[in-house]
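When a residue number appears, it is its place in the shown sequence, counting from 1. For clarity, every value in this text was computed on a predicted model and none was experimentally measured.
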Amino acid sequence: MELDLGNNAYEILNDWHPNAAKEELTAQLTKQVLVEKEQLPKLLSREDLKERWEMNSRQSVHQVATRPDFPAPILTFNHGKTLLYLETEIQIFEVNHPWLITMSARLSYSHWILHNVINGWR
C-alpha cells in the first residue's frame with residue numbers, strides 16, 4: 001500500500017506536532033494493519049521444523065530439507081542462511097512422508113527398513 005497523502009502532505013510529513021491529518025491517516029493505516037495481519041500465512045524456519053519433528057540436530061533437518069521433493073523456501077533472510085517455509089506446504093510434505101514427523105515414527109521406519117529391505121537382500 002502506497003501512502004496517499006493528497007493535500008495533507010505538509011501536515012503529515014513536515015508538521016512535528018499531532019494533528020487531525022495524522023490522526024486520520026494513522027486510523028486508516030491501523031485498519032489496514034489488522035487486515036494484513038489476518039492474511040499473513042504461517043511460516044516455519046528450519047529451527048521450527050527441528051522442534052516440530054522432534055529432531056536433535058540441524059543436520060537431521062538439513063538432510064530432510066535437501067530432498068528433491070521437499071518444498072522450496074518461500075522467503076530467505078540473513079543472506080540466504082535463514083529459510084522460511086509455508087506451513088501448508090510442510091503439512092503436505094508430512095502427509096506424504098509420515099515417518100519423519102516424530103522420533104518414534106522414524107525409529108519404526110528404520111526397523112521396517114531393517115526387516116523388510118536389508119534382511120530381504122540376504
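For the pair K37/V33, a side-chain contact is recorded, criterion being any heavy-atom separation below 4.5 Å from C-beta on. When side chains are defined from C-beta on, L107 does not count as touching S104, because their heavy atoms never get closer than 4.5 Å.
Every residue two or more places apart in sequence or in another chain that forms a ring pair (Phe, Tyr, Trp, His ring centres under 6.0 Å) with W99 is listed here: H97, Y109.
Here ring-ring contact (aromatic ring centres under 6.0 Å, His included) pairs that include residues 43-64, with residues two or more places apart or in two chains, number zero.
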Sequence neighbours left out, cut at 3.5 Å: what donor-acceptor pairs do the side chains of residues 82-89 make with other protein atoms?
| unit_1 | atom_1 | unit_2 | atom_2 | d |
| --- | --- | --- | --- | --- |
| Y85 | OH | R46 | NE | 3.1 |
| Y85 | OH | R46 | NH2 | 3.2 |
| E87 | OE2 | R52 | NH1 | 3.3 |

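Interatomic distance, E24 CD to L29 CG, rounded to the nearest 0.5 Å: 10.5 Å. T66 OG1 to Q59 CD: the interatomic distance, rounded to the nearest 0.5 Å, is 8.0 Å. For the atom pair NE2 of H111 and CG of N116, the computed distance is 12.5 Å after rounding to the nearest 0.5 Å. Atom-to-atom distance recorded for N19:CG and L25:CG is 10.0 Å, nearest 0.5 angstrom.
None of V61, L100, V64 except one satisfies the side-chain contact (heavy atoms from CB on, under 4.5 Å) rule with L49; the exception is V61.
Put simply, F77 and I74 are part of the same group of oily side chains (I, L, V, M, F, W, Y) that touch within less than 4.5 Å, one to the next.
Counting heavy atoms of neighbouring residues, nucleotides and ligands inside a 6.0 Å radius, atom CD of E38 does not exceed 12 of them. Under a cut-off of 6.0 angstrom, the local environment of CZ in R58 is sparse, with at most 12 non-hydrogen atoms contributed by other residues, nucleotides or ligands.
For the residue pair P98 and N96, the shortest heavy atom distance occurs at CD-C, 3.5 Å.
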